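Since the structure is predicted, the reported quantities are computational estimates derived from the model, not experimental observations.
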Amino acid sequence: MEPIKRNDTGAAVEDVQTRLARIGHLPEDAITGAFDEATAAALAEFLAASALPPSEEVTEKVWAALVDATYNLGDRTLYLRMPYFHGHDVLELQQALGALGFFYGTRDAIFGAHTEEALRRFQLNLGLPSDGIAGSYTYAALRNLAHSWVGKEATHSPVRHLGFARAADVLERNAVCLFGTDEFSRAVASRMSNVAQATNPASKIISADALSVPPDASMMLVHVLLSATDAEAGVPLVSYAEEDTLGLRLASAVDVARDASWPRVSVLLPGTMWLEAGPERSAQHYAITLLDALCSALQE
C-alpha cells in the first residue's frame, strides 16, 4: 500500500481516523478525511501505546497494527493457523478465558496453541463442539457469561502443558503426506497441515500441496475423501463418523497400513457441511478433529 501521510485527504485518511477514534486516540468530531495535526498527534499516541517506532506516515506495518487494534471480540472467526491470528479481539478472548479459569498463559493477543487449548476446554465445559474455533456458538456463550468475566482479572494458576495429541512430539516424529482429490478435501488436508505447523514448526505432517518434492515410501499417505468410490482398493478406509471414536478406529487402520510397503490410509468425510457452519468453518472443524485423531492414532 502507498503510505498515508500528512496533508493527504480522502477515504483512506477517514478510515485511519475512524479506527483511531474507535480505540480512543481521536475525538469523533476530528474525523474529517484530512490528515491534519490532530490526526498526526493521534497516530503518534497510538504508535507509542503499541510499542511501535515513531512515524509520521501510516505505512503497511502501521496499518496492520491499527487494524489489529480495532478488532473486537466476535468480529471474526478465530482458530489456530499459521500465521497466527493476533489483535485486540484475541486479547479479549484470552482475558475472558482467563477470568473464567481456562487460560493461564501470557495475554499476548496471539492465538497460539495455549489459547486454542484453553478455548477447547471452555467449549467442552459448556457442552459446545470442542474444536478450538471461536465462532458464533462460542461468542454467544461468552456473551451469556459476560457478567462473569468482563472487567475481571484472570484466575491465577500454573501454566498447563497442552493435553491434546497435536501438542505432542508425534508431529515431528511421523512423516505424513495429507491429500485430497477435490476442492473441499484438499482444503481440509491443507488446513490440517497449517494447524500442524502452527502447533509445532518442526512438524512432518504436511499436505501434498505444500510439499516441494513428491512424497516417497518413507511417508505415510493419508487420503481425505468425500466419496467411498474414490478410495483405493486394498487401502484401509476409515469413516469420520462417529467423531468420538475416530482416533481409535484410525489407530487400527494405521497399524494395518504400517505393514504395507508404502503405508496408506483413507478417511471418508461425512460431507462438506458440519452442523450449520459454512464451507470454510466446516473444513477447519474437520481438519482440527481429524488431525487430533490422526496424532492420537500415530502415538499408539
Output the distance between atom CD1 (Ile4) and atom CG (Asp15), rounded to the nearest 0.5 Å. 7.5 Å
Between the CG atom in Asn125 and the OG atom in Ser130, the distance rounded to the nearest 0.5 Å is 10.5 Å
Do the side chains of Asp131 and Arg191 get close enough for a salt bridge, i.e. N-O under 4.0 angstrom? no
Indicate the ring-plane relationship of Tyr286 and Tyr240, choosing parallel, tilted or perpendicular according to the 30° and 60° boundaries. perpendicular
For atom CG of Asp244, decide whether the heavy atoms of other residues, nucleotides or ligands shown that lie under 6.0 angstrom number more than 12. no
Within-4.5 Å side-chain heavy-atom neighbours: Leu66 and Ile23: yes
Under a 4.5 Å cut-off applied to non-hydrogen side-chain atoms, are Leu73 and Arg143 in contact? no
Answer with yes or no whether the side chains of Asp36 and Thr39 bring together a donor and an acceptor at under 3.5 Å. yes
Do Met219 and Met192 sit in the same hydrophobic cluster, where Ile, Leu, Val, Met, Phe, Trp and Tyr count as joined when their side-chain heavy atoms come under 4.5 Å apart? no
Side chain to side chain, Arg107 and Leu91, heavy atoms closer than 4.5 Å: yes
Are Thr70 and Arg19 close enough that a side-chain donor and a side-chain acceptor fall under 3.5 Å? yes
Minimum side-chain heavy-atom gap Cys295-Ile205 below 4.5 Å: yes
Smallest heavy-atom separation, Leu126 atom then Ala141 atom, equals CD2-CB, 3.5 Å
May I ask you to decide if the ring planes of His223 and Phe179 are parallel, tilted or perpendicular, using 30° and 60° as cut-offs? parallel
Please check if Tyr139 and Tyr137 belong to a single hydrophobic cluster, counting links between Ile, Leu, Val, Met, Phe, Trp and Tyr side chain heavy atoms closer than 4.5 Å. yes
Go through the side-chain N and O atoms of Ser218 and Asp216 and say whether any donor and acceptor fall under 3.5 Å apart. yes
Below 4.5 Å, heavy atoms only, C-beta onward: do Val224 and Phe184 meet side chain to side chain? no
Under 3.5 Å, is there a donor-acceptor pair between the side chain of Tyr104 and the main chain of Gly101? yes
Check whether any side-chain N or O of Glu56 sits under 3.5 Å from a backbone N or O of Arg6 as a donor-acceptor pair, and report yes or no. no
For a 4.5 angstrom cut-off between non-hydrogen side-chain atoms, does Val254 reach Met220? yes
Looking only at non-hydrogen atoms, find the nearest pair between Leu275 and Pro129 and report the distance. CD1-CG, 4.1 Å
Where do Trp149 and Ala99 come nearest, in terms of heavy atoms and distance? CB-CB, 3.7 Å
Shared hydrophobic cluster, Tyr71 / Val90 (ILVMFWY, side-chain heavy atoms < 4.5 Å): no
Working to the nearest 0.5 Å, report the span between CG of Leu93 and OG1 of Thr138. 8.5 Å
Any chance you could measure Ser55, atom OG, to Lys61, atom NZ, to the nearest 0.5 Å? 10.5 Å
What are the two closest heavy atoms between Gln95 and Lys152, and how far apart are they? NE2-O, 2.5 Å
Counting distance only, does the side-chain N/O of Gln94 pair as donor-acceptor with the main-chain N or O of Ile110 below 3.5 Å? yes
With a 3.5 Å cut-off and no angle check, do the side chains of Asn200 and Ser203 form a donor-acceptor pair? no
At what distance, to the nearest 0.5 angstrom, does SG of Cys177 lie from CG of Leu221? 5.5 Å
Which heavy atom of Thr181 sits nearest a heavy atom of Arg186, and at what distance? C-NH1, 3.6 Å
With a 4.5 Å heavy-atom cut-off, do Leu119 and Glu116 have their side chains touching? no
Work out which heavy atom in Pro236 is nearest to a heavy atom in Arg264; give both atom names and the distance. CD-O, 3.3 Å
Leu100 vs Leu142 side-chain heavy atoms within contact, under 4.5 Å: yes
Would a single hydrophobic cluster contain both Leu97 and Val150, if residues Ile, Leu, Val, Met, Phe, Trp and Tyr are joined by side-chain heavy-atom contacts under 4.5 Å? yes
